[in-house]
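Chain letters run A, B, ... following the sequence lines, proteins first and then strands; every chain starts at 1.
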2 protein chains.
Amino acid sequence: MKMSGGVEWGLHCCVVLSGAGAPVTAAKLAELHDVSQSYLAKQLQLLSRAGLVRSTLGQSGGYVLTRAANEITVLDVVEAIDGVQPAFRCTEVRQRGPMAVPAERCDTPCPIARTMDSADRAWRESLRRVTIADLIADVNRTTPPEILSGAREWLRA
Amino acid sequence: MKMSGGVEWGLHCCVVLSGAGAPVTAAKLAELHDVSQSYLAKQLQLLSRAGLVRSTLGQSGGYVLTRAANEITVLDVVEAIDGVQPAFRCTEVRQRGPMAVPAERCDTPCPIARTMDSADRAWRESLRRVTIADLIADVNRTTPPEILSGAREWLRA
DNA sequence: TTGACTCGGATAACTGTTGTCCGAATAGAA
DNA sequence: TTCTATTCGGACAACAGTTATCCGAGTCAA
Ligand code: SF4
Ligand code: SF4
């Protein structure tokens with residue numbers, strides 16, 4: 001089980017975008033994080049489709065957040081990039097084989113599916129509690145100020 | 001993000017093994033669930049390595065649970081088959097690029113990694129609360145008795 | 001009007017998962 | 001004790017999903 005690595009990039013991009021007032025291009029973001037700009041573009045497309053960021057075309061274009069940082073949860077980003085379907089997918093094994101349970105008795109989800117679903121919900125709920133604003137606050141507290149201002153300056157250039 | 005489909009089979013096998021007093025072969029389990037016996041064997045190997053089941057070779061051999069059903073949690077099975085490493089893996093983006101944070105300042109995990117780790121722990125904790133015995137109790141409650149006894153009889157043959 | 005710059009979706013390479021096979025080891029029967 | 005039928009175990013391919021890339025359509029500023 002492996003989550004898309006693009007989630008990490010997406011979260012970093014949201015944090016950076018929140019700090020920069022002007023639109024930032026995908027190329028800039030890619031260079032700042034030293035990752036493939038083509039692939040990062042794909043992740044930004046996903047964020048755009050989910051309505052988390054808005055893209056501006058043409059010169060001096062780029063990406064901007066559509067909402068305030070405290071209105072975007074980590075779960076929003078994860079679901080935008082990694083998808084919304086849960087990790088566990090039941091294949092209805094109980095309806096196959098010689099001792100199959102008839103389909104009309106399978107109206108209620110089996111205990112296995114319920115357990116997995118409950119765990120998945122706990123996971124998502126945990127991610128929903130943290131917003132981009134929380135991340136920013138933590139970054140501001142733990143990162144040397146000269147690096148923060150330097151990065152902001154580098155973005156503007 | 002997708003969990004190994006073998007988890008579902010592994011859980012079903014644990015439930016079945018708990019009901020059968022005698023060792024059950026991989027071929028029987030595969031036919032009962034109507035899945036590839038070669039691939040199911042692979043999953044059973046993983047359960048064996050994790051110490052959840054014990055294999056007996058030779059004639060009248062097969063698999064048996066090593067512990068009581070209420071001593072085996074769903075998390076045990078998941079971790080045995082799907083692995084123990086969390087879905088999110090940090091690539092330390094912050095140490096790369098023009099505005100890299102120096103490595104000596106990265107002693108504490110960043111907020112993103114902490115958030116993901118917390119959610120992963122909540123997920124695992126939720127799975128740890130349910131045991132195979134709980135699953136069995138639920139199955140006994142919701143499955144027609146004739147199918148249960150029929151399956152047990154079919155296994156013996 | 002021009003022009004250059006932006007994102008967007010369609011297109012390949014790669015890693016991880018799924019599925020299969022045959023050999024080593026064992027328990028029971030002769 | 002020997003032999004054989006039967007079992008599991010790890011090594012070997014096929015598939016899918018993820019990762020990475022490219023070029024064209026559309027847009028804003030000059
Ligand atoms: S018993 Fe549960 S996990 Fe198994 S096939 Fe049915 S719904 Fe899926
Ligand atoms: S900031 Fe967090 S998620 Fe990003 S690279 Fe560093 S540790 Fe990983």
How many Å lie between [atom1] on [X] and [atom2] on [N], as a whole number?
| X | N | atom1 | atom2 | result |
| --- | --- | --- | --- | --- |
| B:Gln37 | C:dC21 | CD | P | 9 Å |
| A:Met1 | C:dT15 | CE | C1' | 17 Å |
| A:Leu40 | D:dT18 | CG | P | 18 Å |
| B:Gln43 | C:dG19 | CD | P | 9 Å |
| A:Arg54 | D:dT27 | CZ | C1' | 15 Å |

Hey, quick one: are B:Leu40 and B:Val64 part of the same hydrophobic cluster, counting side-chain heavy atoms closer than 4.5 Å, chains of contacts allowed? no
Quick check: does any side chain N or O of B:Arg96 sit under 3.5 Å from a backbone N or O of A:Asp34, one acting as donor and the other as acceptor? yes
Tell me whether B:Ser126 contacts the main-chain N or O of A:Ala122 through its side chain, where contact means a donor paired with an acceptor under 3.5 Å. no
If only side-chain N and O atoms of A:Tyr39 are considered, is one of them under 4.0 Å from the OP1 or OP2 phosphate oxygen of D:dT19? yes
Check each residue of residues 77-84 of chain A for a non-hydrogen atom within less than 4.0 Å of any atom in DNA chain D, then write out the ones that pass by number, or none. none
Hey, can you pull the residues of residues 85-97 of chain A with a non-hydrogen atom under 4.0 angstrom from DNA chain D? none
Annotated protein contacts, base or backbone, on nucleotides 1-15 of chain D with a non-hydrogen cut-off under 4.0 Å, one of B, S, - each: -----BBSBBB----
Tell me whether B:Arg89 at atom CZ has more than 12 heavy atoms from other residues, nucleotides or ligands lying less than 6.0 Å away. yes
Does a donor on one side chain and an acceptor on the other come within less than 3.5 Å for A:Thr91 and B:Glu8? yes
Is A:Arg114 salt-bridged to B:Asp138, going by a charged N under 4.0 Å from an acidic O? yes
Looking at every heavy atom in both B:Ile81 and B:Leu46, which two are closest together, and how far apart are they? O-CD1, 3.9 Å
Do you know which two heavy atoms are closest between B:Gly10 and B:Val77, and how far apart they sit? C-CG1, 4.2 Å
Regarding B:Lys28 and the six-membered ring of B:Trp154, is the cationic atom NZ or CZ under 6.0 Å from the ring centre and inside 45° of its axis? yes
